[in-house]
Amino acid sequence: MRFKGKRALVTGAAGGIGKVISQMLRAEGARVAAADRNCDAVDAEVRISGNLLDPAYADALPRTAAKALGGLDIIINNAGVITRGPVTETTDQDWALSIGVNVEAPFRICRAGIPLLAEAGGGAIVNIASCWGVHPGPNHAVYCMTKAAIASLTQCMGRDHAHQGIHINAVCPNEVDTPMLRTGFEKRGFDPATAIAELGRTVPLGRVARPDDIADVVLFLASDAARYMCGSLVEVNGGKPVS
Ligand code: NAD
């Protein structure tokens, strides 16, 4: 029960990784405010449905969660979107969506949330970046750029807010078996199960990550066990560092 008495906000809580993060935090004693476009089916103490592209929703999320939970100790910025293609095939809509969800929303949530964590005497923020934010992969220029941006913001915030007892770190996963990965294969006309099995053979550990492989590291960074970590980017890649 590492998180007994802790209050956590998790974005993207209806998605593949976010759902498991929320379940695992609650299983270890935390009370969770879940945020996603539609949280109706998410198990959590508080559900705050809305669109992270709406600045007013993103700005208000930490305070809304803190009001409902009686304070806030942990923020997990997990929601994300992926757009494909080189810059020459990137539309204005792809650009606005990727920057809005992957960079601007976590920026707004951190800006509003850090003072609340400070009020609680400290806390933890874990951002979900990507291996592609550290080692850019092919054909996803804007996605990689947004993940590099949130990785850099994590390093900056980790340093700037350490003195307040706030531990801000990021997890950088390689491919994870979630709706994000599966729908990407479907859109390109591949059978997701076959494609994921094939992709698994390119990973030294022999399989694509499951959401709990990532959530375990997120929980570690949100816990007291990571008390000396600030601004770290933790790659979770099954031994496959560069795509
Ligand atoms: P997912 O698509 O299963 O879940 C993402 C969640 O974010 C969804 O529930 C979605 O509704 C929510 N979301 C997206 N746009 C939103 C918006 N405008 N407002 C509110 N909520 C919104 O994806 P996932 O694989 O669980 O991804 C979680 C995080 O992990 C993302 O940041 C993603 O970039 C990152 N990541 C995933 C992989 C992978 O292979 N799956 C690899 C590296 C990093």
Side-chain angles (χ1 to χ4, degrees), residues 9-24 33-42 44 47-61 64 75-84 93-94 96-109 126-137 140 142-151 153-154 170-187 192 195-196 199-200 202-203 207-215 217-218 233-238 240-243:
L9 168 65
V10 180
T11 71
I17 298 172
K19 195 180 284 180
V20 175
I21 293 171
S22 302
Q23 282 166 355
M24 287 171 60
D36 207 305
R37 282 182 288 221
N38 182 349
C39 298
D40 292 354
V42 181
R47 296 178 194 82
I48 315 170
S49 297
N51 186 349
L52 286 170
L53 293 172
D54 173 2
Y57 171 73
D59 285 341
L61 257 183
T64 309
I75 297 175
I76 315 291
N77 280 305
N78 161 75
V81 291
I82 190 163
T83 53
R84 280 179 63 76
Q93 200 184 5
D94 290 340
L97 176 68
S98 302
I99 297 275
V101 178
N102 295 355
V103 184
E104 186 173 332
F107 152 73
R108 288 181 179 281
I109 290 167
V126 185
N127 297 320
I128 313 302
S130 168
C131 284
W132 277 7
V134 188
H135 317 281
H140 289 76
V142 169
Y143 178 73
C144 293
M145 182 205 67
T146 62
K147 291 301 182 177
I150 191 64
L153 201 60
T154 300
V171 173
C172 302
N174 209 321
E175 291 99 353
V176 190
D177 185 357
T178 69
M180 179 180 277
L181 189 65
R182 285 178 175 260
T183 53
F185 284 128
E186 273 163 13
K187 276 185 198 156
I196 285 170
L199 192 58
T202 69
V203 181
R207 63 173 176 83
V208 163
R210 297 183 308 261
D212 64 293
D213 296 322
I214 309 307
V217 182
V218 171
L233 308 178
V234 182
E235 290 186 55
V236 186
N237 57 23
K240 186 182 171 188
V242 183
S243 292

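Please read all numbers here as calculations on a predicted model, not as lab measurements. Order of appearance sets the numbers: ligands from 1, and atoms from 1 within every ligand.
- Checking only distances, Pro173 never comes within under 3.5 Å of ligand 1, N or O to N or O.
- Proximity of Ile17 to ligand 1, defined as any heavy-atom pair under 4.0 Å, is shared by backbone and side chain alike.
- If you number the atoms of ligand 1 from 1 as listed, the ones under 4.0 Å from a heavy atom of Ala79 come out as 7 (O), 32 (O).
- Listed by atom number, the atoms of ligand 1 under 4.0 Å from Ala14 heavy atoms are 9 (O).
- The shortest N/O to N/O separation between Gly15 and ligand 1 falls below 3.5 Å.
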*Going through the checks in order, is the side chain to side chain donor-acceptor pair (under 3.5 Å) test met by Thr83 and Asp94?*
CA-CA 6 Å; Thr83 53; Asp94 290 340; 5.2 Å; no
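- Of the listed residues (Leu233, Asn127, Ile214, Thr154), just one forms a side chain to side chain contact (heavy atoms under 4.5 Å, CB included) with Val171, and that residue is Ile214.
- Against a heavy-atom cut-off of under 4.0 Å, Gly16 is close to the following atoms of ligand 1: 1 (P), 3 (O), 4 (O), 26 (O).
- In terms of N/O distances under 3.5 Å, ligand 1 is not approached by Ser130.
- Close approach of ligand 1 to Tyr143 (heavy-atom distance below 4.0 Å) involves ligand atoms 33 (C), 34 (O), 36 (N), 43 (C), 44 (C).
- With a 4.0 Å heavy-atom cut-off, ligand 1 is reached by the backbone of Leu52 and by its side chain too.
- Close approach of ligand 1 to Glu175 is summarised as follows: ligand atoms under 4.0 Å from at least one heavy atom of the residue are 40 (O).
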